[in-house]
Amino acid sequence: MRRSLVVGNWKMNGTLASAELLAKGIIAGLASSDADIAVCVPYIYLPSVSKIVKDTALALGSQNVADKSSGAYTGEISATMLKEFNCQYALVGHSERRSYYGDTNESVAARFCQAQEQNITPVLCVGETLEQREQDQTFQVINEQLDAVIDLAGIAAFKTAVIAYEPVWAIGTGKTASDEQAQEVHHYIRQYIAAKDQSIADKIQILYGGSAKPDNAKGLFAMPDIDGGLIGGASLDAESFLKIFQSI
Ligand code: 13P
């Protein structure tokens, strides 16, 4: 049985005060659960949110990590720095990073490895654009996104990683993938990993992201290959994020 996981991605939202309030609100509403929960907060709020989540069930993550370990890389944040603030997870390859900031399959693979070197679990985000889906390129795009990481890190690295399937057309659009559409791709991803290592495929958590909300989470999470969610907008409100978590 795989453990479920729900991760909030706050993106570039809020203030220090609202970030602290949100973290406290989530913790206050957390009942004991068999599932895991985390929030990926803006880098600059990690020190304060790290103090708030200490000794609670709420884990901390970052929204990216540098592709190098240290040095003259102005504006980047290394995995070692994230570890100092108890980051357990780091998103890598989020579609907003890929499309707005030029993160390539190769740099995403390097970021994945940097996170793992510090025992931070990378959450590898993959997914197709609407155009790619309409041209029947979904699986090919996902193969390429996965292969870049498998080539650099090796399949064994997926023992301590999470995959998030986030169809770009569903992110922030209110157009969630149907339960069946999401399940189809999650199943595909698991089979793709299974062809290389069955036991890793059986164990790896594959999260769904893209307009997941309290009213559609239950259906998505009931799908056999969906092990939880990566939640954007709905994670900015403690109550709705908790409702999604309770839908597991
Ligand atoms: P939304 O839930 O706002 O669609 O965002 C999904 C996402 O990008 C999470 O990383």
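Read the numbers this way: they start at 1 and go in the same order the structure lists the ligands and their atoms. No hydrogens, no waters, no symmetry mates; every other heavy atom, side chains included, goes into these values. What you see is a predicted model; the values in this text were computed from it and never measured. Numbers here are sequence positions counted from 1.
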- List, by chain and number, the other hydrophobic cluster members for W169, where Ile, Leu, Val, Met, Phe, Trp and Tyr join if side-chain heavy atoms come within less than 4.5 Å, directly or indirectly. L130
- Note on the structure: Using heavy atoms and a strict 4.0 Å limit, residues surrounding ligand 1 turn out to be N9, K11, H94, E166, A170, I171, G172, G210, S211, L230, G232, G233
- Query: When rounded to the nearest 0.5 angstrom, what distance separates CG in L46 from CG in L60?
  - Reply: 5.0 Å
- Query: Any ion pair linking R111 and E106 (charged N to carboxylate O, less than 4.0 Å)?
  - Reply: no
- Message: Is the shortest side-chain heavy-atom distance between V39 and Y45 below 4.5 Å?
- Response: no
- Note on the structure: Connected to L230, directly or through other members, by ILVMFWY side-chain contacts below 4.5 Å are L5, V7, Y89, L91, V123, V162, L207
- Query: Sequence neighbours excluded, which residues qualify as salt bridge (charged side-chain N to carboxylate O under 4.0 Å, His left out) partners of K213?
  - Reply: none
